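Just the heavy atoms: all of them, side chains too, but no hydrogens, waters or symmetry mates, feed the values below. Nothing here was measured: the structure is a model prediction, and the numbers come from that model. In what follows, chains are A, B, ... by sequence order, proteins preceding strands, each numbered from 1.
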Amino acid sequence: MNRLVALTLAVIGSAIVSWVSVVPARAQGELVLYCAVQEEWCREMVTAFERQTGVKVAMTRKSSGEFYAQLKAEAANPRGDIWWGGTGDPHLQAAEEGLTIEYRSPVMAQLQDWATRQWEQSKQRSVGVYAGALGYGFNTDLMKKKGGAEPKCWADLLDARFKDEVQVADPNSSGTSYTMLATIVQLMGENPGFDYLKKLHRNVNQYTRSGAAPARAASLGETLIGITFQHDLVTFVVDKAPIKVIAPCEGTGYEVGSMSIIKGARNLDNAKKWYDWALTPAAQELGAKAKSFQVPSNKGAKTPPEAPDFSQIKFINYDFAKYGSSDERRRLLSKWDGEVKNLPK
Amino acid sequence: MTRSAALWLVLGGIGYAILPWYLVEGLSPLSAKWWASYPFGNAGSGLFLGWSGDRWWLGPTFLPLLVGAALLVRGGRRPEDGRWLTWIGAAGLVWMVIAGFAIDHRNWTIDLFAEWFGPEKQAGMGYGAFATALAFLMVLAHGLAARGFCRSDAFVVSAIALVLGLVLLFVFFPIAQILVSAVEDNNGHFAPGIFFVKFFDRSVWGLDCVYSNLRCGVAWNTLFLAVVVGVGTTVLGLAFALIALRTRFQAKGVLRALTILPIITPPFVIGLALILLFGRSGAVTGLLFEWFDVPRTRWIYGFTGVFIAQMLAFTPIAFLVLIGVVQGISPSLEEASQTLRASRWTTFRTVSLPLMRPGLANAFLLGFVESMADFGNPLVLGGNYEVLSTKIFFAVVGAAHDQSRAAVLSIVLLTFTLGAFYAQYRWLGNRSYTTVTGKGDSGLPVPMPKRMAWLCYGTAIPWAMFTAVIYVVILVGGFVKTMGRDYTPTLQHYITGFGIEQTSRGLYFAGSAWDSLWTTIKVAAVAAPLTAIVGLLTAYLLARQRFVGKRSFEFITMLSFAIPGTVVGVSYILAFNVPPIEITGTGLILVICFIFRNMPVGVRAGIATMSQIDRSLDEASLTLGARSFTTVRRVILPLLRPAVVASLVYAFVRAMTAVSAIIFLVSAQYNMATAYIVGRVEAGEFGLAIAYSSVLIVVMLLAILVIQLLVGERRLGRRTAAAPVLQAAGG
């Protein structure tokens, strides 16, 4: 009997001890940051912000889609203060569902048009912090072996030479690839656009799950051509991988990496402080330091030399309001699922 | 009243009157601020908060405790004690549940009450509430025991109550929350029609691949993969177990080490290594191309790749389950068969193999379920072969943001898993597999028939060598610049991750991976023993006790294992982000998540091993006057050592390598190693990812050694060929 009691108490005791040892450090920082870009960049930003303002930042890094799902699940009792970076669509979606709040930063006037447009479209709930152009890259070694002219346009990707050589993400799982779907539709019109995607399907060896995966696969030679954002490819070029980045000649779409303040933020003032600071040139130039080569949204911020030169890229007039809305997205995705994905090769 | 019941009542009193009732956010019990307004204020106890009117709904909790106190004061044992204890426990629990769920951190959860009583709010349960609730539960159990439940065995009733309470709270409650969204549209309105549309969708159940070159539905893909992997891992695991125990193979140690390695490998890494070897520009592919002109293809992406990776990853689990079972088979039965002139082959086929049935069934079940739940390998290697786990993940986080589809697909997955569970239940039937009895077993293990031995060697040894090659790749990967492109040796990855700087104030852990590594080790070390305790306790109840609703009980314990990690992650946020249990963002939620996700392996291993142990051993112990608890501790537990090792190792390892469940549960303070590695892989930094994984492998190896050392080997009354006389003592 005594042993029974002793042992049960020991078990309970250990449970309580574990509770004690695990819980108390839950003191949150003075700003809880949800950071959706590469880890290095997040760290650079956090260190710089802490140094400048003295506000202690607790940072979590996930993908933008993951943060959207988390925000939605946490809506009853929000944990985060600010959501910085990551592709714009989940930010728009969160704005649409009222998970984030309106804010007008005094820095607004210094921003590029596309950044302000994101802010207007989200009803002031989300602002652009960087932009990245869609494009593709090919493995130069493999291309030499293959022979023939290098591709320059979207149309070139339909060449029979590239059968089973093109890799792109599945738009259902990746915002990058959804940007491409929407770009093609806007560039060519809906029906010709889907015809293009059906023809491209014959050349696609794999629809990856993650948007940046085709860049990695091309750098390793697992695929000849990878369609993704150009800055994701540049990261590998800087790393001396045999990759050449192409901005398609017909014109291309882009993403607007965004920032939103979370509704119910416990440290609202600090969140606003971060918001204003993250839009300044000094903060926006930190990306290049962490090998992220997106184009900053502040007109005064220097664009890193490695970044794709936006003045040389032909852009389409990407309609974020229409193609960012959840209804249109669901419609296009289910159409792609039905008409393209399951086609025989 | 028994003394343990009295003790529980006292604990309940302490929890209510002294300990802080609520969890105080942002403050540690060690800080002075915490105690400033005690016993009132944030850290106040239930008694003071309740009766000062501050949190008046805590007041009524006092009533059952008061009755308990009266019983205590009166003392002695009376027949009506049982009824009183039952009443105290039940009333206390019911009130705590009502009061807990009626008010959250904002207001009443039912608007009508807010109008009646005015606005109120409360924080999540803290130490006091936890202790009080536990005490009520235990008092209830003791009351029921006193009224004759489970032959008045208080230990058994308490154990059932504890496990049931925990499982209901941490498995059933969160999962029910998310499964509700299966019958909701995307705006949260009730729409049962949508469920059927999504459930019977062609992309789920389509059979196009049978009669055309289109792809089949994701459900069939998953099922097919899981069955093949389940069978494959069981066969390989059996081969390894037989070689390890029934042959005189020389390098057994190496073989065992090789079979353990994959289980301690973080996700993605096996997939990456396979790509680096067999991908289109992989090392092996390159050699084959240059030497034999085998064209470079992408065959590794798709079913084949995932199958190989899962076989590598899950064979060890089958091995861990089977080795205990093979070891437990009584040699004297086999000897008897041979004395009756059966050949070695017939003996193996008609005696040994049927006795392994529980092991085989459980090994298959685990392989099957693991394959269904696996997320990392299909993600890296799946190509265009879609499975449910990845599809569910991207239904939640992908561009479509369709949580209800994720819930529907989870139900499909759940159906398969529970179907497999039911099938194994039927297959095992009501036969007896008892081989570990109280009588000393003097038989010699029969060597395997030649054919069988060669078959085992033929399958296991090439596989072991293959595993070895994979690990060489992983080891090397951390020390070269970019695996697959640039093989310049470098230590850069380790310095980035695990750099230590010598500063004037001593050592400074500068590497970016240290934080997540410490957290991971700590969480895993806390979770592993608790997982093993809960798992084996459950196994004991299921295998040894009879009680009403046992089947449903077993069913619920399997639930969390069968649910994909992503769904568990989201459901934990939904359930535990608001009072009464508000633990998101803490390490505790990670620990709890691991306990209930990994517990089923302990349950399975425990049941498989226990079904071999003769009940007469328990009975002998009980007859000699020992209680259930003593019997468990002195008789069953020592015989369960292989299962203890299996569940401890598994729990520790899985806590260090889980991905999909924890992606949503990690926070700034509690970041886990795998979340860090996934980030690296996404960024294309394979070198650092592989280097970190190598470090994790070493940590886990050390942990396994420590566990082996602590738990020790099981000694059965068996003779070995080498030392036939020494182990004459009975088991």
**Request:** Select one option (side chain, backbone, both, neither) describing which atoms of A/K291 are under 4.5 Å from chain B's heavy atoms.
**Result:** neither

**Request:** Only counting residues at least two apart or in another chain, list the ones meeting ring-ring contact (aromatic ring centres under 6.0 Å, His included) with A/F229.
**Result:** A/H231

**Message:** Would you say that more than 12 heavy atoms from the other residues, nucleotides or ligands in this model lie under 6.0 Å from the NZ of B/K481, or not?
**Reply:** no

**Item:** chain B contact via A/Y207 - side chain, backbone, both or neither, heavy atoms under 4.5 Å
**Value:** both

**Interface residue of largest heavy-atom contact number with chain B, from A/A69, A/A76, A/G175, under 4.5 Å** = A/A76

**Message:** Does any backbone or side-chain atom of B/I275 lie under 4.5 Å from a heavy atom of chain A? Answer side chain, backbone, both or neither.
**Reply:** both

**Request:** Measure A/L142 against the heavy atoms of chain B and call it side chain, backbone, both or neither at under 4.5 Å.
**Result:** side chain

**Message:** Could you check, using the six-membered ring where one of them is a Trp, whether B/F393 and B/F375 have ring centers closer than 6.0 angstrom?
**Reply:** yes

**Asked** For B/F576, is it the side chain, the backbone, both or neither that has a heavy atom under 4.5 Å from a heavy atom of chain A?
**Response** neither

**Request:** Any chance you could measure A/I262, atom CD1, to A/E74, atom CD, to the nearest 0.5 Å?
**Result:** 8.0 Å

**Request:** Could you tell me whether A/Y68 and A/W83 have their ring centroids closer than 6.0 angstrom?
**Result:** no

**Request:** Under 4.5 Å heavy-atom distance to chain A, tell me which part of B/N671 shows up: side chain, backbone, both or neither.
**Result:** neither

**Proximal component of A/T208, with respect to chain B [non-hydrogen, under 4.5 Å]** = neither

**Structural part of A/D337 lying under 4.5 Å from a heavy atom of chain B** = neither

**Request:** Measure the NZ-CD distance between A/K72 and A/Q93 for me, rounded to the nearest 0.5 Å.
**Result:** 7.0 Å

**Asked** What part of B/S512 lies closer than 4.5 angstrom to a heavy atom of chain A: side chain, backbone, both or neither?
**Response** both

**Request:** Considering only heavy atoms and a distance below 4.5 Å, find which of B/D104, B/L574, B/L590 pairs most often with chain A.
**Result:** B/L574

**Message:** Going by ring-ring contact (aromatic ring centres under 6.0 Å, His included), name the residues that satisfy it together with B/Y301, two or more places apart in sequence or in a different chain.
**Reply:** none

**Prompt:** Between A/K62 and B/I663, is there a donor-acceptor pair closer than 3.5 Å when you use the side chain of the first and the backbone of the second?
**Reply:** yes

